[in-house]
Amino acid sequence: MAGTDNKYDAVIVGAGFSGLYMLHKLRKAGFSAIVLEKADQVGGTWHWNRYPGARCDIPSLQYSYQFDEDLQQDWSWGEKYSAQPEILDYLNHVADRFDLRKDIIFNTEVFSCDFNERTLVWTTETSTDTYKSKFCIMATGCLSVPNKPNLPGLEDFEGELLHTGSWPVEPVDFTNKKVAIIGTGSSSIQSIPVIAQEAKELYVFQRTANYSIPSNNGPMDQEEEKLVKSRYQEFRKENYLNGFGIAGLEEEALAVEATEDERRIKFEDRWKKEGLGFLGAYSDLMFDQDANKLAANFVRQKIMQLVDDQETAKLLSPEHCIGGKRLCVDTGYFETFNQPNVHLINLNKDPIKGIQSSSIGNETDTYEIDTLILATGFDAITGAITSIDVKGRNGISLKDQWRSGAKSYLGLGISNFPNLFTVTGPGSPSVLSNMVPSIEQHVNWITDCIAWMKDNNKSVIESTQLAEEEWMSQVNEIADQTVYRHVESWYNGSNIKEKSKDFLPYIGVPTYTDQITEVVNNDYQGFIFDKSN
Ligand code: N01
């Protein structure tokens with residue numbers, strides 16, 4: 001199919017890290033493709049999440065594309081963990097460098113994708129036009145649809161209402177403002193220290209305290225950059241062999257077998273330099289609740305030291321398994337609560353009773369505010385896909401099919417949805433890995449599959465229900481062996497009331513990589529071809 005009359009080999013939804021590389025890769029392989037993007041620019045997550053303090057918490061030398069050696073050699077990151085504007089600059093650079101914009105339609109929201117079993121064509125309806133394609137590729141991101149909680153009276157609020165996941169492009173000025181922020185996940189933990197510097201008063205409404213490790217961010221270490229660049233490809237390959245696909249996280253030793261002194265030294269060392277790598281201090285921290293408690297206690301002690309007021313410190317000390325909810329990485333988060341203009345409100349003891357035109361209140365107090373920030377997270381992993389009306393074989397709706405739990409084979413294909421691929425879909429390492437290499441791995445897999453189909457005269461690919469069920473059982477069996485199972489989180493849909501509580505990410509990049517390679521080596525075992533012919 002040529003890219004004319006809105007007919008393409010592939011329609012790609014989303015122009016973030018996934019969509020940009022998907023377009024580049026398909027074009028290079030000789031296929032026509034178009035990217036449909038709701039925003040007026042590229043960036044995806046890094047376009048929408050421009051709240052103050054937003055930055056990646058995986059070192060930028062790793063949180064970047066590896067598909068083009070010249071690109072990875074030419075680009076230099078300013079800091080160890082880059083802030084959102086620099087990541088967005090990088091994605092703009094990639095879009096320009098590979099001349100991607102000419103095949104991206106901006107300001108276009110995708111409403112529906114419909115598969116015609118007779119013609120084997122996907123029809124994509126958008127806010128601006130209709131597109132036809134053989135393949136439909138969801139490059140919609142794992143954290144794209146903001147979770148907007150149903151708070152009493154929210155609609156009556158007349159001040160500035162913001163969500164960290166859909167932050168305005170124009171900078172927000174907090175000078176002399178009274179600000180309330182609801183939620184204490186990564187977005188909040190990154191933004192609170194920055195907002196607190198400007199705001200007159202900052203009220204933090206906390207339901208669940210969270211663990212956070214200092215980022216110890218700073219300017220890029222030139223020697224480290226030189227070293228990595230001297231062997232970038234090997235470095236990237238080595239990282240795929242680590243459980244989370246991130247360099248230097250893991251050690252073999254068990255926390256439960258170490259002496260108290262050894263543990264203190266190790267945790268202290270990790271606290272001082274590793275951010276997320278804190279959880280890699282010992283190999284049993286995510287598998288053994290007793291080991292996990294040792295790490296959790298260490299962080300709780302740190303919080304008690306960092307926060308002057310011991311009541312506030314206690315309230316900021318989480319009780320769940322560390323890492324069970326996504327570990328946060330911060331710059332001065334706990335210390336911010338020592339500022340006189342920052343106030344912590346315990347929603348567990350005293351929930352929000354009502355929001356009025358210029359205030360938010362619980363049973364005990366009413367807080368006059370100018371700005372209300374929802375830092376309440378996302379309908380993660382599946383939300384962006386199910387927010388589109390996707391219809392497959394026999395008009396089956398994906399939303400209905402996933403109502404009792406999202407099932408996918410390898411996080412790449414879904415039964416009843418022929419020629420539909422998801423990049424970092426449910427059942428793949430995605431959010432429990434370094435997203436960018438995981439995206440590249442999927443884009444490469446999908447492109448190779450489409451090329452293989454062309455070479456082998458196959459017109460339709462679809463995963464079997466059995467393969468999908470066995471795969472999701474494996475995903476959940478692995479999760480059952482970890483502490484993730486003991487914590488309510490967006491990994492298992494707990495943050496969205498109507499969602500099924502299955503665990504969605506695949507834990508373990510190397511095992512995952514082996515299996516998706518094996519599937520290809522076995523002629524795409526678990527998929528069927530040409531069922532419609
Ligand atoms: O969202 P979250 P996020 N009333 O879901 C609370 C990635 N990320 O945007 O825990 C009151 O983590 C909720 O409370 P509880 C990263 O993967 C990465 O912060 O459900 N509170 C929680 O405290 C991260 O994990 C970076 O009890 C309510 C908070 O809102 C993911 O994005 C930076 C509530 C939501 O926390 C999501 O992070 C930022 C209600 N009705 C984000 N509803 C990087 O560094 C929810 N909450 C790369």
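All ligand and atom numbering here is 1-based and tracks the order in the structure.
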Worksheet entry | Ser489 side chain near Asn492 side chain, heavy-atom distance below 4.5 Å | yes
Worksheet item: Are Phe17 and Tyr63 close enough that their ring centers fall under 6.0 Å?
Response: yes
Worksheet item: Should Arg97 and Asp74 be marked as a salt bridge (Lys or Arg N to Asp or Glu O under 4.0 Å) after you check the CA-CA gap, both sets of side-chain angles, and the distance that decides it?
Response: CA-CA 11 Å; Arg97 185 174 182 125; Asp74 292 352; 2.7 Å; yes
Item to complete: Starting from the C-alpha separation in whole Å, work towards a yes-or-no answer on side chain to side chain donor-acceptor pair (under 3.5 Å) for Tyr506 and Gln474.
Response: CA-CA 8 Å; Tyr506 186 100; Gln474 187 189 145; 2.7 Å; yes
Worksheet item: Under a 4.0 Å heavy-atom cut-off, which residues neighbour ligand 1?
Response: Tyr51, Arg55, Cys56, Asp57, Leu143, Pro149, Ile182, Gly183, Thr184, Gly185, Ser186, Ser187, Gln190, Arg207, Thr208, Lys325, Arg326, Leu347, Ala375, Thr376, Gly377, Phe378, Trp490
Worksheet item: For atom CD of Gln339, is the number of surrounding heavy atoms from other residues, nucleotides or ligands below 6.0 Å larger than 12?
Response: yes
Response to the item:
Given the options Phe67, Tyr21, Tyr65, Phe98 meets ring-ring contact (aromatic ring centres under 6.0 Å, His included) only with Phe67
